[in-house]
Amino acid sequence: MTPAMPESSQPGGSPKPVHEIERVAIRFVGDSGDGMQLTGTKFTESTALAGNDLSTLPDYPAEIRAPAGTLAGVSGFQIHFSSVDIRTPADKPDVLVAFNPAALRANIDDVKPQGMVIVNRDAFTKRNLERAGYDEDPLPALRERFQLVEIPIGTLNREAVKDLGLTQRQADRSKNFFALGLMYWLYNRPTTPTEEWIAKRFPDPIREANQRVLKAGYHFGETTELFPTSFLVPPAKIEPGRYRNITGNTALAWGIVAAGVQMQRPVFLGAYPITPASDVLHELARYRQFGVKTFQAEDEIAAISAAVGASYAGLLGCCTTSGPGMLLKQEALNLAVMTELPLVVVDIQRAGPSTGLPTKTEQADLLMVLYGRSSDSPIPIVAPATPGDCFHVMLEAFRIAVKYMTPVAVLSDGYLANSAEPWRIPEVETLLRHPAQLETDPEGFAPYRRDPATLARPWAVPGTPGLEHRIGGLEKEDVTGNVSYSPVNHARMTELRALKIAGIAQDIPPAEVRGPEAGKLLVVTWGGTHGAAASAVDQSHEAGFTASHLHLRHLNPFPANLGEVLGRFERILVPELNTGQLSRLLRAEYLVAAEPLCKVSGQPFKVREIRDRIEAILA
Amino acid sequence: MTPAMPESSQPGGSPKPVHEIERVAIRFVGDSGDGMQLTGTKFTESTALAGNDLSTLPDYPAEIRAPAGTLAGVSGFQIHFSSVDIRTPADKPDVLVAFNPAALRANIDDVKPQGMVIVNRDAFTKRNLERAGYDEDPLPALRERFQLVEIPIGTLNREAVKDLGLTQRQADRSKNFFALGLMYWLYNRPTTPTEEWIAKRFPDPIREANQRVLKAGYHFGETTELFPTSFLVPPAKIEPGRYRNITGNTALAWGIVAAGVQMQRPVFLGAYPITPASDVLHELARYRQFGVKTFQAEDEIAAISAAVGASYAGLLGCCTTSGPGMLLKQEALNLAVMTELPLVVVDIQRAGPSTGLPTKTEQADLLMVLYGRSSDSPIPIVAPATPGDCFHVMLEAFRIAVKYMTPVAVLSDGYLANSAEPWRIPEVETLLRHPAQLETDPEGFAPYRRDPATLARPWAVPGTPGLEHRIGGLEKEDVTGNVSYSPVNHARMTELRALKIAGIAQDIPPAEVRGPEAGKLLVVTWGGTHGAAASAVDQSHEAGFTASHLHLRHLNPFPANLGEVLGRFERILVPELNTGQLSRLLRAEYLVAAEPLCKVSGQPFKVREIRDRIEAILA
Amino acid sequence: MSEAAVKLTKKNFESDQDVRWCPGCGDYSILANLQRVMPELGVARENVVFVSGIGCSSRFPYYMNTYGFHTIHGRAPSFASGIKMSRPELDVWVVTGDGDGLSIGGNHLLHTIRRNLNLQVLLFNNRVYGLTKGQYSPTSLEGMRTKSSPEGSMDHPVDPIAFALGAGATFVARTVDVDAKHLQHVLRRAHEHRGTAFVEILQNCPVYNDGEWEAVEDKTTRNRFALVLEQGEPLVFGDKDARRGVRIESGVPSLVDLPDGADPLEHGVAVHDEKRTAAYGFALASIAPPQFPTPVGVFRAVEKSTYEDLLTAQVERAVQERGPGELAALLHSGDTWTVAPD
Amino acid sequence: MSEAAVKLTKKNFESDQDVRWCPGCGDYSILANLQRVMPELGVARENVVFVSGIGCSSRFPYYMNTYGFHTIHGRAPSFASGIKMSRPELDVWVVTGDGDGLSIGGNHLLHTIRRNLNLQVLLFNNRVYGLTKGQYSPTSLEGMRTKSSPEGSMDHPVDPIAFALGAGATFVARTVDVDAKHLQHVLRRAHEHRGTAFVEILQNCPVYNDGEWEAVEDKTTRNRFALVLEQGEPLVFGDKDARRGVRIESGVPSLVDLPDGADPLEHGVAVHDEKRTAAYGFALASIAPPQFPTPVGVFRAVEKSTYEDLLTAQVERAVQERGPGELAALLHSGDTWTVAPD
Ligand SMILES: Cc1ncc(C[n+]2csc(CCOP(=O)(O)OP(=O)(O)O)c2C)c(N)n1
Ligand SMILES: Cc1ncc(C[n+]2csc(CCOP(=O)(O)OP(=O)(O)O)c2C)c(N)n1
Ligand code: SF4
Ligand code: SF4
Ligand SMILES: [Mg+2]
Ligand SMILES: [Mg+2]
């Protein structure tokens, strides 16, 4: 099936000329109560169905609902879609749809010069301008810098629903659908899926109101003089297959469910709500039919302790949290290192330190996750590159955890968590299937007798006759697992714990370079910075500056060939959303002069920022 | 006054020849109940009074009182004293005094070949041999390898006290004084101080028993044929001044008291008991007359939270803990970073990971303390080099904390904590005196307006009229300290936090090299490894292998000239009790090929271990 | 210069920060009433410190024009303890939520309460995690469906009053966000109390748990659903013409209808006494809907030494007995010896 | 092969590890008695898990020849909860101390108790930190002088029984380390109970707090100082010729001397009922020395759903209603589209 396109069955069918373009980025902004996230999500769905490649980025305020009309309450959603491969939500939107002055003020500086700015004229009252901190009406001045389109959305909306007997407040709630309908017309998107969704979701008369307003917006575009043309972004050439839209957090939750299925062990999630990780708990709580047990604990310590208990009892223990919760888990994580139990701990990083900027993104927990436990306590670390990759990374994390009997950390971030991309749904048959092996044989059993290949100890769980044994956080004697204070044994066990994790390097794919295999500049990335860096490398290349790109999914251990690969380049640039954490690791490990490109503003990289540095280096 | 020497007023006055020697190391070992720590401490005191340089190392079992006669219950105390400068408790004792077979078995392999081994013959019963895991009497075989001296200490002791009407159990308790008396004779130490102490400490008839047995031991040495000569270690040439013996933990506690006095602010200690840090709490709890407030909290989190509260309220907040407690403090520490409050957190490191080996030493929390908080959260780190240095390091830590308005971490370790050395008592007048400055002026006050030189914000405490303000863990706006989600501001504040700490490099002494200023090999150390490394460098030098030595007291920031100094050497060797943590930092920071010399057995370095590596490198 | 002399008003206690709770949030009313009460308490503004953890409720300090410390999740009682131990003259208020105070922070609350530091703990109970957008909390009723409990919460809730009594609290009270008079009265009482004053404030979260306390918030139903505890008064509630009383026998409460004009005591209705045992407080705590009304007011108020007083006394005694600490003397205490210059 | 069929003895429950408590420690007796009780409980050895935190008491699992997990300080209830939620068929015992369970671990204990997981919590109360060599603990009496409180502890102690009741415990009991018969009886009762069975065991630490419980440990004085709670029996204690009873009025206990042969009920002595309200349990908890004897036995035993049963039921219901989870179906749920090969 080719994606649905606007047909004549769609309201109208545009008589105006259609302009074909390669890509566009739109940002919807308004008050938290204005439904911007919903508008964005629906537009994303339609765009996905239209077959474009896309990337989205929501931007929530930290307050639940700040006072209406204030800068603190501005909520936004950006979508970037294209007929070619794209990897980021775009540096600057081409189109801004602003529902009120505060939203305009907070976002206008991001819009591309001469971009389109659509405003809800009705919201530009004196009171609202004041609340937004404007001394005078900003619109006149904007007319020169942008294609300003002023629409009395509020009035048009009320008009559309006036005979439905709604209160004014109810009526006003549908006005985001006006903007949505208008954008559907402007970009030739199908309205049917949204109409159907409205029908399912809302009771009458709200359903009726929303559907009418959606159509009203669409017709308005068709009819008004304000828009001389509409635009069409043709479907992208993307790998064939079945697709869906997915956010990082949903993919992550599904990856956990999938791990349980593929390893044939029930999953146990211990979690305590924290932004931006809570949604994973919410999502997983819906899958009891998979045998998934979710436990909202009293705090992060109890959450991980229960998860370690679950792993000890033979389930796939897992935890999801963010930085301020992650550091509370280190003591129990250290116990899991000492008792060598499989466990996956996910840190969905946010901007800090301390409470910091809870709804903003950062990649600054790498060193904490690697080193934040007392004494030498090595664990593997894996990080997803894109929202969809969160699914696969979780499978990989559980594979390592169970195969090597070790806790594994996954580093996602606020940007990956909330942004969405079209995701090719994997065939379940192609996913790694490796049923977890529990020890059952008392013959020759010892709790710390290791598999010579992996150095993993057996997973011997309560309920198994003949394997009764005791473990704990005191240093263990090699093989027997008894408490041991022997100096030689402690040195040996420290070494074994290190060797076991280091050995995983042989069991992960070698580092692969995109672009020339050697040369002047290698850009090294990890986590959600992948997209911006890849685009920057590509765009620079087109502009005549050739750098290579290496993305690290495994951060501990590094791929076995990494040192050798780094050695082939004159300079190494590491863009990261922190003060230079991966760079420090590469420098220490390989003694290469890796240079960080740091950004610590709570926001993901813009392609331009990385590109500028690449081109400066290569100039 | 020259140190007291054995005089004729001392019991006897030895008629046997006296042999002058430069140094000797003695280890007392027995059951936890045998009083080995007391014996060691008393011998240390007498030795100190005799004017020797010395270094001691106690070795406790992890159990409170393991079953008598078992290996798990062996307790030991080693003292190394000399007429020349020494820095470690010695690699291998010259003399072992063993109270039972288990103690012998656990320690015999450490004794120098042909060293003296004194055993309590009475304890070598069949039952005790079995408990120690000996199949047969080990003594015959030892006669060839050592100067074995078998003494029926138990019998001689009972004999000495038989008319005092003690129960057998009471009587047996004094037998450690027999060994002590004997060693006093053997090394020509004065017995008077111990006799006086006994008189003060014990009621009759225990006092009488102990004094008698002490003398009995002394006379036994004089009389018996077993010892043809006694030995004399002449006083060391040490810097003139008034001296005392001090352990690291006591020095640390006193350093905290001193900080309060010198900065004219009361001290608040929040602590939760944990080995090996508890003694600092115990010690400080005794100094209420200094206005010191100690608070035994319900856990480490409450302990640091209360300490941060105290700092916020204008006191000198402080915390003492060890690794497993340290990681629980990271969240509140991160808040102190964000709110820029002065605070000193001491981690007295122990062997791990997890519960690990609580009574053993390690230096493996460096990276945790540096990096273990969510997001980029820089704090200064200072580490004492010797027991006595713990005092001065605490003053330095508080100086930095208050001057720069920042939490500071101090890294001590189990070895420094419990070992003792003669310490030159500083003149109070020579100690840095810098009364802390509280802000009082509302004029132009803003909570995050910084001192341009230090970048410190003002210390504005509740109770000050006109300075009412609100702070917290959310990102703060530059200058005003209001909550701010601005991307630019977050980047700026992250930078300011980093710059402030980095700037301290200008305010600490430059790194100094002992030995040649440039050359083939530089040995870099931190913390308690100082002594063994310094001795190793000196001994190697005497043996014709010249390396230099650089000891780092400040681990973050590093001294400003460090990179330059490192660059002057061909190779850099970093002996550390972990898997290479400081080395990693040096490599990352300066891109020098620092090579770690790792030891992870719960024990401090032996001089020999470092010397061997130095000589191997230079050979 | 201290303002203590000057007569303060509510305005003096309003900070310059925009208040950022959702429209209709119960927190607004609590804030306004506390700002109204503050000037009456006779404490200079610079001596007041508000300490909070994390949650919607924990934003509170930003809006008070006093000293304020917005700390980390669940630990506010510990920060406050440190402040109070350090500077007993300060007037310290802890503001926390049902999640902040009873989920992650339960232990600190327990230990602060038993130590009986002289501070006020205001626990805003909306029976939900507001700030993280609506998960159930330790006080949420069993079966509550939220994002994290789509099939209903399985936790038996904890009762803040029972918890505080179990911790040995010397002052325990409950009041309601929008009942200005009662709220102010309870805040005043809490402030008067020497020791840890624990106050549960029933608070509406219109966004994630609207109407949880409607019966006692709504002026028209309040009489019927709230049992107002008053010292020395019988446990009587209900509209004028339909009064009911509460009996407590062997710790078991039961209801009795009171005929018009009847003397409650004659019907065995219990008489409230804040100074009775914790066991009585516990019986009161078990009076709860749906079977019973919701008691509001002071459950318990007894005297006990405060931690900071004991600590200060130890410091003073030490100085008295040993003299003020002398650093040189400390360094030279015990065995020392001199090494003379050669 | 399971040994369930085979008749087990105490020996079967002794592990091969050397027991390493101090000579005379009360922990020895508790261990021996638990090993004696285990065979009677009819649980296969492989289905038994002992979970502990850190402390002398927490060494317990090493000595039981079952599964054992010596975890980290204060968190044992959480590890145990994870085990029990994951595998409800396992018989899970938590061993903790007054420091481990009530100081650092108070919050986890609180929440585990209120969730009512079906497991046993044995809290060894020696009123001191043993393993860290003798600091005061949250149950230590005020004024206790220890290394960390040389001038006397300033904390008002927490009462483990009151704490557990405040947390909503469904089973609360107290027993004594060396009273073999009573200890065994209480352990059996705890095991029978479905839900969290909280047992405080008074335990002597001869090294750091010797004799703390001497009055109820010593056989010759036990009758006079211990009030043995028995279901349906009056609260009577004392030697045969000097019996005394406890009255409880309005939650306030008082003592009454019973003449020889007198019927306690006629003297208003309360009759013990484990199923009464928590308020009654609270009144019982307030019966404590020096004024009163020390109650031992089961304070409270009531029924309530267990967390793991509710969780299992949710899983089963989900499977019933939605069918067992199908990964492919999940991945394809909602809006999807196909990109055809060119
Ligand atoms: C260590 C840590 N874990 C989790 C969070 C996320 N968090 C912030 S507030 C909150 C719950 C707040 O609930 P409550 O105390 O009831 O306050 P309310 O918002 O309802 O007023 C949580 C889980 C955090 N900030 N820090
Ligand atoms: C995080 C952490 N903090 C502190 C400690 C040190 N510690 C070990 S056991 C203990 C107290 C034990 O007291 P209790 O629970 O009463 O057990 P007991 O030894 O008396 O049986 C403490 C403080 C630790 N192991 N871990
Ligand atoms: S989410 Fe609820 S508690 Fe939080 S501010 Fe909004 S209404 Fe108030
Ligand atoms: S210290 Fe006390 S509790 Fe610990 S083992 Fe020894 S006697 Fe028992
Ligand atoms: Mg709440
Ligand atoms: Mg204890």
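Naming convention: chains lettered A, B, ... in sequence-line order (proteins, then strands); numbering from 1 in each chain.
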*Nearest-0.5 Å distance, CG of residue Leu370(A) to OH of residue Tyr371(B)*: 10.0 Å
*Is there a side-chain contact between Leu328(A) and Ile301(B) (heavy atoms, below 4.5 Å)?*
yes
*Write down the atom of Ser354(B), the atom of Met338(A), and the distance for their closest heavy-atom approach.*
CB-CB, 3.8 Å
_Between Leu71(B) and chain A, with a heavy-atom cut-off of 4.5 Å, which part of the residue counts as in contact: side chain, backbone, both or neither?_
neither
*For residues Ala351(B) and His490(A), report the shortest heavy-atom separation together with the two atoms involved.*
CB-NE2, 3.9 Å
*Check each atom of Leu333(A) against the heavy atoms of chain B and say whether the ones under 4.5 Å are side chain, backbone, both or neither.*
neither
*Heavy atoms, side chains only, cut-off 4.5 Å: are Pro353(B) and Arg373(A) in contact?*
no
*Identify which part of Gln603(A) has an atom lying under 4.5 Å from any heavy atom of chain B, answering side chain, backbone, both or neither.*
side chain
*Using non-hydrogen atoms only, which part of Met326(B) is less than 4.5 Å away from chain A: side chain, backbone, both, or neither?*
neither
_Residue among Lys360(B), Lys599(B), Arg497(B) with most heavy-atom pairs under 4.5 Å to chain A_ = Arg497(B)
*asked:* Is Pro378(A) close to chain B through its backbone or its side chain, or both, or neither, when contacts mean heavy atoms under 4.5 Å?
replied: neither
_Engaged part of Thr579(B) at the chain A interface, taking heavy atoms whose separation is under 4.5 Å_ = both
*Interface moiety of Ser484(A) toward chain B, non-hydrogen atoms closer than 4.5 Å*: backbone
*With a 4.5 angstrom heavy-atom cut-off, could you sort out which part of Arg492(A) is near chain B: side chain, backbone, both or neither?*
neither
*Quick one: what part of Val592(A) sits under 4.5 Å from any heavy atom of chain B, side chain, backbone, both or neither?*
backbone
*Could you check which of Val337(B), Leu474(B), Asp365(B) has the highest count of heavy-atom pairs closer than 4.5 Å to chain A?*
Leu474(B)
*With chain A, which of Leu335(B), Thr339(B), Leu357(B) has the greatest number of heavy-atom pairs at distances under 4.5 Å?*
Leu357(B)
*asked:* Counting heavy-atom pairs closer than 4.5 Å to chain A, which one of Pro358(B), Gly323(B), Cys598(B), Gly356(B) comes out on top?
replied: Gly356(B)
_For chain B, the option from Leu367(A), Asp347(A), Asp376(A) that forms the most heavy-atom pairs under 4.5 Å_ = Asp376(A)
*Identify the residue among Gln363(A), Glu362(A), Arg350(A), Gln349(A) that makes a side-chain hydrogen bond (donor to acceptor under 3.5 Å, both in side chains) with Ser375(B).*
Glu362(A)
